[in-house]
Each structure stands twice: as C-alpha cells, then as structure tokens.
Protein chains: 2
Amino acid sequence: MLSKKTKYGLKALTFLAKRDDKSPVQISEIAEQENISQKFLESILLTLRKNGFLGSKKGKGGGYYLIKEPQEISMTQVMRVLEGPIAMVPCVSLNFYEKCDDCPDENTCGVNKLMLQVRDSALEIYRNNTLADLI
Amino acid sequence: MLSKKTKYGLKALTFLAKRDDKSPVQISEIAEQENISQKFLESILLTLRKNGFLGSKKGKGGGYYLIKEPQEISMTQVMRVLEGPIAMVPCVSLNFYEKCDDCPDENTCGVNKLMLQVRDSALEIYRNNTLADLI
DNA sequence: TGCATACTCTATTAAATCTATAGGATAATA
DNA sequence: TATTATCCTATAGATTTAATAGAGTATGCA
C-alpha cells in the first residue's frame with residue numbers, strides 16, 4: 001500500500017508542476033487545495049527540499065517551488081525518497097539490499113524469483129514516468 | 001513491503017509443490033524446514049485452506065496438502081488472498097475499489113494515473129506466474 | 001529596529017497494522 | 001480411549017504510519 005506521505009508528496013509536486021510560474025507557494029495553500037493536513041505536509045515538503053526536488057523561501061512571499069523541470073524529475077527518485085525501496089522484499093532491492101535471515105539460498109527461493117520480476121516491472125514504470133507525465 | 005504472512009504462505013506453498021507425492025505434511029515440518037514460527041504458520045495455512053488452495057487432514061498422519069496442481073495456482077489469486085489488494089491505492093484497485101476522499105477527480109489525478117500503470121504491470125507478472133514457476 | 005510572516009526542526013502522541021503466542025476445541029487414527 | 005494434529009478465537013507485543021505541538025530561525029518590510 002502506498003503511504004499517505006508518498007501520496008501527499010506526489011500531489012504536492014504535481015500541484016507545483018501544474019503552475020505556470022515558479023514563484024513560491026505557501027504550504028497552507030497546497031494543503032488546502034489538495035486536502036492535506038498542513039503540519040503533515042510541512043514535514044513532507046521538508047524532505048522533498050532536503051532531497052533536491054524543491055527550493056524554499058522564508059518570510060513574507062515565501063513558500064516552496066520546484067527547482068527542476070517536471071520532465072527531469074523521475075518517479076524512480078521520488079518513490080525512493082518518499083516511499084523507500086521499490087522492491088517488496090529487501091533481498092531483491094537494488095538500493096536497500098538485505099539478506100533474508102530465514103532463507104538459505106536466494107537462487108532457489110521462489111519468493112525471490114517472483115519479487116524480482118515485480119521489482120523490474122515497477123521500476124520500468126517509474127523510469128518511464130516523470131513528474132510532467134502525471135499532469 | 002511484502003508481509004511476512006504472504007512470504008511465509010508462498011514459501012509453504014512452494015514447499016508443498018516441490019514434493020513428489022501429495023501426502024499430508026505437518027505444520028511443524030514446514031515450519032522447521034522453512035524457518036517459520038509454527039503458530040504463525042498455522043494461521044496462514046488455515047486461510048490458504050479456507051480459500052481453496054490446501055486440503056487438510058487431522059490426527060495422526062495428518063497435515064496439509066495441495067488440492068490443485070501447482071501450474072493451476074495463479075499468483076494473482078494467492079497474492080489477493082494473502083496480501084490483499086494488488087493495487088497500491090484503493091482508487092485503482094479492481095477487487096477492492098474505494099474512492100479517495102481527498103481527491104475530487106480521479107481522471108485528472110496524477111497519483112491515480114501512475115498507480116494504474118504499476119497495478120497493471122504487477123498484475124501481468126502475477127498472471128504469468130503459477131506456483132509451478134516458483135520452484 | 002521591530003514586527004509579521006512562513007519555513008525549520010525535534011519530540012511526542014495517537015492510531016493502525018503486523019507478527020506472534022496461548023490455550024482450549026474438534027476430529028481422525030490406532 | 002489415548003494420542004495426534006488441525007481448528008479457532010482471543011489477545012499481547014512490536015512496529016510503522018499519521019498527525020500534532022510548539023519553540024526556533026530566517027526573511028521582508030515599514
């Protein structure tokens with residue numbers, strides 16, 4: 001299941017990408033328009049900024065804004081930052097690999113075999129979609 | 001993330017499918033061989049039985065056994081029973097559809113658009129894999 | 001300088017879900 | 001009738017997610 005964090009983060013990014021100009025938008029405006037708890041959204045936008053997707057400006061006239069073109073923001077990056085591993089099990093994760101402690105051999109593990117395919121197919125979707133494609 | 005329930009369930013099914021004969025196998029044997037908590041596995045096998053994947057026999061010589069051929073057990077069915085919806089958001093779920101209360105229009109929602117693709121690609125993988133393919 | 005604005009950051013709580021365990025009930029076998 | 005092994009419900013413990021609170025910091029403007 002997709003977390004609210006990811007869902008809200010994607011919605012916020014989409015909201016910003018839809019706008020014509022790149023002037024800062026206040027958290028409160030995004031929260032209101034997208035029906036998101038403002039405080040919760042606050043923390044999400046913060047991590048998006050820390051990971052290089054957004055810029056921010058404090059004080060009057062401040063807010064958040066995209067610092068890259070929508071078509072340059074791959075869903076792979078966004079998903080990894082917000083949702084974490086794309087793989088459903090750590091033993092098939094490219095960026096968050098971890099061995100299963102209950103599994104003696106990954107090469108003969110059916111779960112591994114299946115989840116490897118699922119990871120690859122999801123990855124292909126994310127690679128083929130940028131923020132611009134969500135609009 | 002794949003739940004332990006699903007992971008253990010798949011492992012148990014695979015374990016049974018690997019065997020040549022179809023005589024009942026005790027929970028304790030599967031649990032030991034696959035490094036799964038016996039009590040937890042008990043409840044998992046129970047739901048697999050209730051959903052038509054396994055048969056069971058009580059008393060001495062009892063246990064669980066497959067009641068269909070491995071190549072007839074689609075991963076789509078297994079995943080839905082153990083893990084629940086294949087979609088990552090309810091608004092793109094075929095079997096567990098639910099409208100998002102924060103989203104005014106699914107047709108213009110970027111999250112919906114993306115997750116629809118992810119669902120379809122996952123579904124294709126599950127459709128193309130039977131229990132026999134995991135061995 | 002002083003004030004209002006809006007993001008920054010940490011900590012905490014509340015809720016939900018997942019994982020695991022306990023223990024008695026039921027059915028089959030010998 | 002004793003033994004074996006599944007059946008079933010309830011519950012406890014752990015983890016994760018979602019949301020909130022509140023003080024701190026930087027900015028713009030009069």
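Numbers restart at 1 for each chain; the letters A, B, ... are given by sequence-line order, proteins then strands.
A:L116 and B:V78 fall within a single hydrophobic cluster, where Ile, Leu, Val, Met, Phe, Trp and Tyr side chains are chained together by heavy-atom contacts under 4.5 Å. Linking ILVMFWY residues whenever their side-chain heavy atoms come closer than 4.5 Å, directly or via other members, places A:I30 and A:L82 in the same cluster.
Non-hydrogen atoms lying under 4.0 Å from DNA chain D are contributed by A:K57, A:K58, A:G59, A:K60, all within residues 55-70 of chain A. Contacts with DNA chain D (heavy atom under 4.0 Å) in residues 23-51 of chain A: A:S37, A:K39, A:F40, listed by number.
For the 3.5 Å distance criterion, the side chains of B:S3 and B:E83 qualify, holding a donor opposite an acceptor.
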For residues 41-63 of chain A, please give each side-chain donor-acceptor pair under 3.5 Å, one per line with the distance, not counting sequence neighbours.
unit_1, atom_1, unit_2, atom_2, d
A:S43, OG, A:F40, O, 2.8
A:T47, OG1, A:I44, O, 2.9
A:N51, ND2, A:T47, O, 2.8

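Protein atom NZ of A:K5 is 11 Å distant from nucleotide atom C1' of D:dA18, rounded to whole Å. We find that CE of B:M1 is positioned 9 Å from P of D:dT16, with the value rounded to whole Å. Following rounding to the nearest Å, B:K4 (NZ) and C:dA20 (P) show an atom-to-atom distance of 6 Å. In this structure, the CG atom of A:D102 is 15 Å from the C1' atom of C:dA20, given to the nearest Å. In this structure, B:L2 atom CG and C:dT17 atom P are separated by 18 Å, rounded to whole Å.
Taking every heavy atom of both residues into account, B:N128 and B:D133 meet most closely at O-OD2, 3.6 Å.
Looking at A:K22 and A:E69, a side-chain N of the basic residue comes within less than 4.0 Å of a carboxylate O on the acidic one, giving a salt bridge.
A:L123 is listed as a side-chain neighbour of A:T76, based on a closest heavy-atom distance under 4.5 Å. B:C100 places none of its side-chain heavy atoms less than 4.5 Å from the side chain of B:E106.
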